Structures are given as structure tokens and as C-alpha cells.
Asks: 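Just passing along the structure, written as C-alpha cells.
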Amino acid sequence: MSFSSNAKAELCRAPISRRCCALAEAYGVVLYCNTFRPDQLRIVTENPEFSARLPRLFKRAFGLEFDQLPVETGGKRIFHIGDPAKLRAIFDAFGISHEGGVALHVNYGMLEDDCCRVSFLRGAFLAGGSATDPAKRYHLELATSHRMVSRETDALLLDLGFRAKTVERNGSSILYFKQSEGIEDFLTFLGAPVCAMAVMEAKMEKELINGVNRRVNCETANLSKVVNAAGDQIDAIRLLERRGILETLPEKLQITAQMRLRNPEATLAELAGMSNPPVSKSAINHRMRKLVELAKE
């Protein structure tokens with residue numbers, strides 16, 4: 001199952017108890033479903049848990065049933081109501097006129113209680129929401145074909161402390177979250193704490209992997225610098241040897257040069273520890289710079 005399916009399955013475990021909350025959830029479903037018009041209600045879903053919840057939800061909210069059992073097409077289940085009396089009952093329950101042209105909007109009067117706001121947004125996500133696997137990227141969205149509904153849902157989210165971004169895509173109005181914290185908080189608010197925890201765990205795993213990669217890259221870069229510097233030093237010492245200059249240098253420089261030739265992969269700190277008597281890393285560094293400068297001259 002996809003992460004989005006898991007989130008919807010978790011949300012569908014919420015009980016359908018108070019009728020006001022059932023109405024609010026059904027409100028979110030119809031405003032974010034595939035088709036909601038005075039002549040037709042059509043809900044399409046691939047989620048089995050949502051398919052099982054819908055008949056119970058509509059029975060509790062409106063006291064009615066769908067026109068027929070869902071028709072399954074290519075894994076998708078289609079719920080349909082075309083009966084004028086049933087559609088009129090649904091529109092009346094939401095205080096929407098079903099006469100003439102219908103401009104759908106969010107009736108905030110139905111969402112005065114916090115429990116009803118949660119239920120409304122849960123219904124919106126079940127019908128028109130999706131969430132990407134957080135192991136791949138962070139993205140959660142609510143999509144509806146009704147622009148005014150999207151704007152008013154955005155206002156509701158702001159009132160609840162959620163800051164979603166908006167975009168128009170293929171004739172749909174989208175509200176979406178791209179930050180892991182926003183997705184975690186929103187899923188927790190809807191009633192999916194397990195999936196919210198999965199987002200948090202994915203984020204921690206990414207941060208751990210990124211941290212390890214940064215350390216490895218840093219160590220690799222440092223090692224490359226050491227190797228390159230040692231190579232330059234050895235080339236300089238070999239040149240001084242060929243020109244007969246090395247044997248004319250002070251004893252400390254000759255000793256340091258021989259130590260480098262015998263230990264081509266050692267760091268300056270390691271060479272300092274090998275000295276007898278031991279010297280500081282800065283002293284070895286100074287001697288190496290002197291040898292390289294002499295070779296250049």
C-alpha cells in the first residue's frame with residue numbers, strides 16, 4: 001500500500017458517532033469528491049477502507065443510501081447518487097440551494113465546533129487528498145474543482161494554525177504542504193498519528209544519512225589534501241636529492257625529508273610524533289614548506 005492509502009486507512013478507523021461530525025465529514029467529502037451537482041453526486045476511490053466507510057457515513061449523516069452498490073472499474077470504486085430526492089436532501093442538509101446554478105462554498109456555520117472542523121478536513125482529505133511517501137519527498141495536498149471551496153478551506157486552515165500553499169493545476173485548485181513539520185502536524189490533527197510519526201522517522205533517517213555523507217565527504221576531502229600535499233613534498237625532496245642540494249641542508253631538514261620519504265602517507269601530526277625528540281606539528285609543517293620552497297627556487 002502507498003503512504004497515501006495508509007494515511008486514509010488510518011483516518012477511516014475514526015468512529016462515526018455524533019451526527020454533526022458525520023455531516024461535517026460528509027460535507028468535506030462532497031466538496032472534494034469527483035462530481036457534486038444538483039443532478040449528480042459521484043465519488044471515485046481506490047481505497048477499500050474509504051469505500052467501506054462511505055455507506056455508513058452517508059447513512060449517519062443523511063439517513064440515505066447510494067443508488068446502488070459501488071461499481072468497480074480498474075481497481076476504482078464508483079459511488080453514485082442521481083435520485084433527485086436524495087440529492088435535494090443532501091443540498092438541504094448543507095444549506096445549499098439546488099435550484100439553478102450552484103456556486104459551492106464552505107458553510108462555516110456547520111463547522112463551529114473543533115470536532116466538526118477535524119471531521120470536515122478528514123472528509124476533504126479522504127475524497128480529494130493525497131500524500132507522497134516521505135522517504136521520497138514531502139508533499140501533501142487537497143484538490144477540488146471548486147475554486148471558492150479551496151479558498152475558504154485555506155482560510156479555515158489558517159484559522160487552525162496551518163499555512164498551506166496554493167496552486168492551480170489541470171482545472172483543480174490545490175492546497176498543499178511541502179514541509180515535513182506541516183505534514184506531521186496536519187496528519188496528527190486529522191487523526192493519523194502513526195503516519196505522522198512515519199514522516200518524522202523518514203526525516204530523521206534522511207538527516208542521519210545526510211550527516212554521514214557530509215562527514216564522509218569532509219574526511220575524503222581532507223584525506224585528498226593530505227595525499228596531495230605529501231605528493232608535492234616528496235617530489236620536492238626527490239628534486240633536491242637529484243640536484244645534490246638535500247645533503248647540504250641543515251640536519252633538521254634532512255631528517256624531516258627522510259621521514260617523509262619513509263612515510264609517504266603519514267600526516268604532519270604523525271610525522272611530528274615520529275621525531276626524536278618529538279616536535280610540534282607546526283614545526284614539521286614549517287620544515288616541509290621550507291623544503292618545497294627550496295625545490296621551487
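Keep in mind that this is a model prediction, so the values were computed, not measured.
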Asks: Testing Tyr27, Tyr108, Phe120 one by one against Phe94 for a ring-ring contact (aromatic ring centres under 6.0 Å, His included), which residue passes?
Replies: Tyr27
Asks: Mark yes or no for whether Gln40, through its side chain, and Gly82, through its backbone, hold a donor-acceptor pair below 3.5 Å.
Replies: no
Asks: Roughly how far, to the nearest 0.5 Å, is the CG atom of Leu240 from the CZ atom of Arg242?
Replies: 9.0 Å
Asks: Could you check whether Glu49 pairs with Arg13 (Lys NZ or Arg NE/NH1/NH2 to Asp/Glu carboxylate O, under 4.0 Å)?
Replies: no
Asks: Going by the salt bridge (Lys or Arg N to Asp or Glu O under 4.0 Å) test, which pairs reach into residues 111-130, not counting sequence neighbours?
Replies: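 Of all non-adjacent pairs touching residues 111-130, those that pass salt bridge (Lys or Arg N to Asp or Glu O under 4.0 Å) are Glu25-Arg122, Arg117-Asp159.
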Asks: Below 4.0 angstrom, N of the basic side chain to O of the carboxylate: do Glu241 and Arg238 qualify?
Replies: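 Here Glu241 pairs with Arg238 in a salt bridge, since their nearest N and O are under 4.0 Å apart.
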Asks: Do Lys203 and Pro134 have side-chain heavy atoms sitting under 4.5 Å apart?
Replies: no
Asks: Pairing donors with acceptors under 3.5 angstrom, does anything connect the side chains of Tyr32 and Thr153?
Replies: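 Per modelled atom types, Tyr32 and Thr153 side chains form a pair under 3.5 Å.
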Asks: Sequence neighbours left out, what passes ring-ring contact (aromatic ring centres under 6.0 Å, His included) with Phe177? Give chain and number order.
Replies: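 If we apply the ring-ring contact (aromatic ring centres under 6.0 Å, His included) test to Phe177, skipping adjacent residues, the hits are Phe186.
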Asks: Below 4.0 angstrom, N of the basic side chain to O of the carboxylate: do Lys86 and Glu65 qualify?
Replies: no
Asks: Between Gln254 and Leu249, which heavy-atom pair has the shortest distance, and what is it?
Replies: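 Heavy atoms only, the tightest pair is NE2-O, 2.7 Å.
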Asks: Are Val279 and Ile255 linked, directly or through other ILVMFWY residues, by side chains that come within less than 4.5 angstrom of each other?
Replies: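 Result: yes, single cluster for both.
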Asks: Dump the intermediate steps for ring pair (Phe, Tyr, Trp, His ring centres under 6.0 Å) on Phe62 and Phe91, then the final yes or no.
Replies: CA-CA 10 Å; Phe62 312 114; Phe91 274 85; over 10 Å; no
Asks: Can you check whether Cys33 reaches Arg42 side chain to side chain, under 4.5 Å on heavy atoms?
Replies: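 A side-chain contact is absent here, since even the closest heavy-atom pair is not under 4.5 Å.
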Asks: State, without any angle test, whether Ser280 and Ser282 hold a side-chain donor-acceptor pair at a distance under 3.5 Å.
Replies: yes
Asks: Evaluate the side-chain proximity of Leu175 to Thr144: yes if any heavy-atom separation is below 4.5 Å, no if none is.
Replies: no
Asks: Taking all heavy atoms of Phe50 and all of Leu126, pick out the closest pair and write down the distance.
Replies: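 Nearest pair, atom of Phe50 first, then Leu126: CE2-O, 3.5 Å.
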Asks: Under a 4.0 Å threshold between the charged nitrogen and the carboxylate oxygen, would Lys8 count as salt-bridged to Glu46?
Replies: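 No, Glu46 and Lys8 are not salt-bridged.
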Asks: Measure from the ring center of Phe162 to the ring center of Phe189 and say whether it is less than 6.0 Å.
Replies: yes
Asks: Would you find a donor on one side and an acceptor on the other, under 3.5 Å apart, between the side chain of Arg53 and the backbone of Ala14?
Replies: yes
